[in-house]
Amino acid sequence: MASGGGLMFGDESLPRPWWPAARNGLRCRCPACGEGRLFTGFLKVVPSCAHCGEDLRAQRSDDLPPYIVITIVGHIVGGAILLAETYSELPLWMHAVVWPLLTIALCFALMQPVKGMVVAHQWALRMQGFGGHGFGGNGFDGHDPSEAPADRPPGASEHRP
């Protein structure tokens with residue numbers, strides 16, 4: 001049973017508070033307790049929280065965090081380029097150095113917090129197996145595809161025609 005913001009999450013019918021989970025995700029912390037680390041590497045999510053034990057294997061953020069980061073960075077850098085062109089006369093070499101470096105720095109700075117928020121969003125809405133119904137390995141059948149029975153090769157369907 002995990003806690004967050006003074007609430008206990010043992011009853012699967014109760015909604016999980018979205019904003020505390022999102023805030024914890026932005027801080028790269030466990031969406032349930034806000035204490036444990038969310039990542040083991042730059043973008044690899046921990047299997048479970050070291051502090052509260054919340055199972056985080058079900059997260060399926062896939063390509064959403066890069067899309068969000070590209071949109072945010074594109075607006076920031078695009079606006080900055082327009083402002084720089086409107087109010088100053090920067091030489092071309094400075095544009096060629098400043099804007100790519102700013103773009104790369106912002107992308108690296110925003111990727112972990114955005115992915116943390118996406119994982120927290122999934123957790124708060126009980127998406128992709130976060131609802132207590134087991135690990136939804138591929139998001140469709142509720143089974144982890146890497147755990148195929150010995151008599152069936154990985155990726156083979158257990159339903160026969």
Let me confirm one number: the [atom1]-[atom2] distance from [X] to [Y], rounded to the nearest 0.5 Å.
{"X": "Met94", "Y": "Ser88", "atom1": "CE", "atom2": "OG", "answer": "9.0 Å"}
{"X": "Gln122", "Y": "Met127", "atom1": "CD", "atom2": "CE", "answer": "5.5 Å"}
{"X": "Leu110", "Y": "Thr71", "atom1": "CG", "atom2": "OG1", "answer": "11.5 Å"}
{"X": "Leu102", "Y": "Ile76", "atom1": "CG", "atom2": "CD1", "answer": "8.0 Å"}
{"X": "Leu92", "Y": "His95", "atom1": "CG", "atom2": "NE2", "answer": "7.0 Å"}
{"X": "Asn24", "Y": "Cys33", "atom1": "CG", "atom2": "SG", "answer": "7.5 Å"}

What pairs with Leu64 under side-chain contact (heavy atoms from CB on, under 4.5 Å), at least two apart in sequence or on another chain?
-> Ile68, Val118
Which is it for Phe39 and Gln112 under the side chain to side chain contact (heavy atoms under 4.5 Å, CB included) test, yes or no, and what are the steps along the way?
-> CA-CA 8 Å; Phe39 299 103; Gln112 248 189 351; 3.6 Å; yes
Looking only at non-hydrogen atoms, find the nearest pair between [X] and [Y] and report the distance.
{"X": "Arg16", "Y": "Ala124", "result": "CB-O, 3.5 Å"}
{"X": "Gly36", "Y": "Cys49", "result": "CA-SG, 3.7 Å"}
{"X": "Arg37", "Y": "Val46", "result": "O-CG2, 3.5 Å"}
{"X": "Gly34", "Y": "Arg27", "result": "O-NH2, 3.4 Å"}

For Trp123 and Gln59, does a side-chain donor sit closer than 3.5 Å to a side-chain acceptor?
-> no
Side-chain heavy atoms nearer than 4.5 Å, only ILVMFWY residues, links allowed to pass through others: does that put [X] and [Y] together?
{"X": "Val73", "Y": "Ile70", "result": "no"}
{"X": "Ile104", "Y": "Phe42", "result": "yes"}
{"X": "Phe108", "Y": "Val97", "result": "yes"}
{"X": "Trp99", "Y": "Trp93", "result": "yes"}
{"X": "Ile72", "Y": "Leu43", "result": "yes"}

Going by the side chain to side chain contact (heavy atoms under 4.5 Å, CB included) test, name the single residue among Cys30, Pro31, Pro113 that passes it with Leu38.
-> Pro31
Which one of Cys107, Pro66, Pro65 satisfies the side chain to side chain contact (heavy atoms under 4.5 Å, CB included) criterion with Val114?
-> Pro65
Remaining members of Leu26's ILVMFWY cluster at a side-chain heavy-atom cut-off under 4.5 Å?
-> Trp18, Trp19, Met117
